[in-house]
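Only one structure is covered here, and it is reproduced in the block below.
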Number of protein chains: 2
Amino acid sequence: MNATNSRTRREERRAEIVRAALEVIAERGYRGASLAAVAERVGLTQQGLLHYFPTKDALLVAVLEERDQWDAVPDSRWRVDLLASLVEYNAMRPGIIQTFSALLGESVTEGHPARGYFTERYVRVRANMAGVLRTEYGDRLPNGLTPERAAPLLVAVMDGLQYQWLLDPESVDMPGAFRDFLALLGEEA
Amino acid sequence: MNATNSRTRREERRAEIVRAALEVIAERGYRGASLAAVAERVGLTQQGLLHYFPTKDALLVAVLEERDQWDAVPDSRWRVDLLASLVEYNAMRPGIIQTFSALLGESVTEGHPARGYFTERYVRVRANMAGVLRTEYGDRLPNGLTPERAAPLLVAVMDGLQYQWLLDPESVDMPGAFRDFLALLGEEA
DNA sequence: TACGAAACCTACCGCTCTACAGGTAATCGA
DNA sequence: TCGATTACCTGTAGAGCGGTAGGTTTCGTA
């Protein structure tokens with residue numbers, strides 16, 4: 001095997017570990033997720049895992065980078081009707097949603113290693129959403145709101161619905177509720 | 001001092017501890033909040049604290065009961081315009097908001113002791129909000145939504161805005177955004 | 001003033017956690 | 001085939017955790 005292959009193998013193993021970490025964080029949160037639990041899931045000892053990620057925080061960074069890659073795909077290519085599909089898609093992947101809902105909750109505590117990440121992510125996502133709305137409606141939505149004022153609401157609805165849905169999926173039709181909200185945004189004042 | 005006074009003193013001490021617990025949970029989350037840290041804040045040892053709450057979970061129960069008392073005040077007495085005042089009031093108490101945002105985030109993880117609480121609370125709050133909307137608008141909002149379908153959105157916006165605001169209060173005008181949303185709800189389709 | 005309970009304390013147990021140190025076996029390039 | 005790197009392992013340090021056991025002091029009550 002050549003060097004490229006070695007490098008690939010290492011990357012694959014790291015990706016495997018990140019995937020396991022996503023699961024464990026979903027189940028126990030970041031603070032509650034032990035390296036040993038993640039390691040066990042990929043058939044390693046805790047010390048073996050530290051060979052790939054030297055500290056717990058380094059592993060978290062890798063987890064957050066994975067997420068970045070995930071939703072950095074479309075950016076300005078989004079259109080409002082595609083947002084509904086995104087939420088529908090999310091509703092089929094409760095694991096990921098649970099991971100990042102748990103992390104978001106933890107991140108508001110002091111000195112949490114994901115705090116900076118979520119703060120910056122929100123700035124970016126709000127700007128993205130404002131862009132999407134501007135593309136769709138121009139400088140004013142039908143109801144008179146600017147895209148910049150509607151964007152935080154859009155993001156809030158997505159996040160807020162996720163918590164209600166995670167806690168009680170039977171009672172909350174997340175995609176349906178989100179479509180209701182989009183309809184609300186598109187209506188005349 | 002008589003028996004009543006003793007009982008009162010005990011209750012006061014417990015309330016003091018619960019207040020300290022709210023602070024520590026806001027800073028570190030529930031899992032990250034150690035009994036010792038709470039105890040120190042009221043000038044006790046960890047074991048002294050256990051004299052008032054026999055387990056950590058018992059302390060959490062008391063914290064959640066405090067919250068119940070807090071927002072059980074008005075129920076059906078709420079009106080839509082008072083919701084805006086509530087959000088404005090919340091914006092002046094970041095500590096409490098942070099405590100319960102952190103707890104909500106943790107609660108979606110498996111086996112979390114607050115999970116049942118939040119699940120039931122959402123059922124109750126959605127029903128309350130639907131009631132408020134019905135009182136204001138009747139069986140259909142101006143845009144055609146039923147109160148039952150609008151209620152999850154209302155709750156989602158409140159929660160979702162809190163996360164954005166906690167992470168970046170300078171960038172997010174929580175009360176303003178919420179008023180925007182209320183206006184949206186009140187508009188004709 | 002004597003008694004019992006309440007309000008703490010010290011000491012400690014057993015467990016878990018992250019991380020470091022150092023070893024060993026497999027692998028890989030030259 | 002040899003020397004080095006990689007991929008793990010065992011062992012353990014060091015701290016923190018919730019909770020128990022059992023003592024002592026304070027205090028209300030009779």
Side-chain angles (χ1 to χ4, degrees), chain A residues 1-21 23-25 27-63 102-103 106 109-114, chain B residues 1-21 23-25 27-63 102-103 106 109-114:
Chain A
M1 302 291 171
N2 56 27
T4 303
N5 207 323
S6 305
R7 219 176 304 133
T8 300
R9 277 177 100 79
R10 182 156 231 269
E11 285 308 305
E12 270 171 20
R13 203 84 165 105
R14 281 174 58 104
E16 211 179 324
I17 293 168
V18 167
R19 244 174 286 136
E23 287 177 24
V24 176
I25 292 172
E27 289 165 18
R28 319 278 264 172
Y30 175 67
R31 265 190 252 256
S34 74
L35 293 176
V38 177
E40 194 194 12
R41 214 161 287 215
V42 292
L44 279 177
T45 62
Q46 178 245 123
Q47 294 87 339
L49 188 153
L50 285 174
H51 175 68
Y52 290 93
F53 298 96
T55 65
K56 193 182 177 185
D57 277 17
L59 177 54
L60 178 61
V61 167
V63 164
L103 279 177
E106 278 184 72
T109 62
E110 283 164 28
H112 192 279
Chain B
M1 303 289 174
N2 55 27
T4 302
N5 208 323
S6 305
R7 219 176 301 135
T8 300
R9 277 176 101 79
R10 181 155 230 269
E11 285 309 306
E12 270 172 20
R13 203 82 165 108
R14 282 173 58 102
E16 212 180 323
I17 293 168
V18 167
R19 244 174 286 136
E23 288 178 24
V24 176
I25 292 172
E27 290 166 16
R28 320 276 267 175
Y30 175 67
R31 265 189 250 258
S34 74
L35 294 175
V38 177
E40 194 194 12
R41 213 161 288 215
V42 292
L44 279 177
T45 63
Q46 180 240 120
Q47 294 84 346
L49 189 153
L50 286 172
H51 176 68
Y52 290 93
F53 298 96
T55 66
K56 194 183 176 182
D57 277 17
L59 177 55
L60 178 61
V61 167
V63 164
L103 280 176
E106 276 183 74
T109 61
E110 284 164 28
H112 193 280

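Source: prediction; values computed, not measured. For the numbers below, each heavy atom of this structure counts, side chains included, while hydrogens, waters and symmetry mates do not. Here is the naming used below: chain letters follow the sequence lines, and residue numbers restart at 1 for every chain.
- Salt bridge annotation for Arg13(B)-Glu16(B): present, with a cationic side-chain nitrogen under 4.0 angstrom from a carboxylate oxygen.
- We find that CZ of Arg28(B) is positioned 13 Å from C1' of dC17(D), with the value rounded to whole Å.
- Atom CG in Leu49(A) sits roughly 15 Å away from atom P in dT10(D) (whole-Å rounding).
- OP1 or OP2 of dT6(D) has not a single side-chain nitrogen or oxygen of Arg13(A) nearer than 4.0 Å.
- Residue Asp57(A) contributes atom CG, which lies 12 Å from atom C1' of dA19(C) at whole-angstrom precision.
- Separating the CG atom of Leu50(B) from the P atom of dC17(D) is a distance of 13 Å, rounded to the nearest angstrom.
- Close to dT6(D), at under 4.0 Å from its OP1 or OP2, lies no side-chain N or O of Arg10(A).
- When side chains are defined from C-beta on, Phe53(A) does not count as touching Leu35(A), because their heavy atoms never get closer than 4.5 Å.
- Atom-to-atom, CD of Gln47(A) to P of dA21(C) comes out at 14 Å; the value is rounded to the nearest Å.
- When heavy atoms are screened at a 4.0 angstrom cut-off, Ala58(B) is found touching no nucleic acid atom at all.
- From Leu103(A), atom CG reaches atom CD1 of Ile25(A) across 5.0 Å, with rounding to the nearest 0.5 Å.
- Using a 4.0 Å heavy-atom criterion, one finds that Ala39(B) contacts no nucleic acid atom at all.
- Looking at the side chain of Lys56(A), the nearest of the listed nucleotides dT10(C), dA19(C), dT20(D) is dA19(C).
- Contact between the side-chain N/O atoms of His51(B) and the OP1/OP2 oxygens of dA7(C) is found at a separation under 4.0 Å.
- Distances from the side chain of Ser34(A) to the nucleotides dT12(D), dC17(C), dC12(C) place dC17(C) closest.
- Here Tyr52(A) does not reach the OP1 or OP2 of dT6(D): none of its side-chain N or O atoms lies under 4.0 Å away.
- Atom CD of Glu11(B) is separated from atom P of dA6(C) by 13 Å (rounded to the nearest Å).
- Note on Leu35(A): only backbone sugar-phosphate atoms sit closer than 4.0 angstrom, heavy atoms only; bases stay farther off.
- Atom CZ of Phe53(B) is separated from atom C1' of dC8(C) by 15 Å (rounded to the nearest Å).
- Leu59(A) places its CG atom 13 Å from the C1' atom of dT18(C), with the value rounded to the nearest Å.
- Listed here is the closest heavy atom pair of His51(B) and Arg10(B): O-NH2, 3.1 Å.
- Proximity note for Gln46(A) (side chain, C-beta onward) versus dC9(C), dT18(C), dA21(C): the nearest is dT18(C).
- Contact check for Tyr30(B) versus Thr109(A): no side-chain heavy atoms found under the 4.5 Å cut-off.
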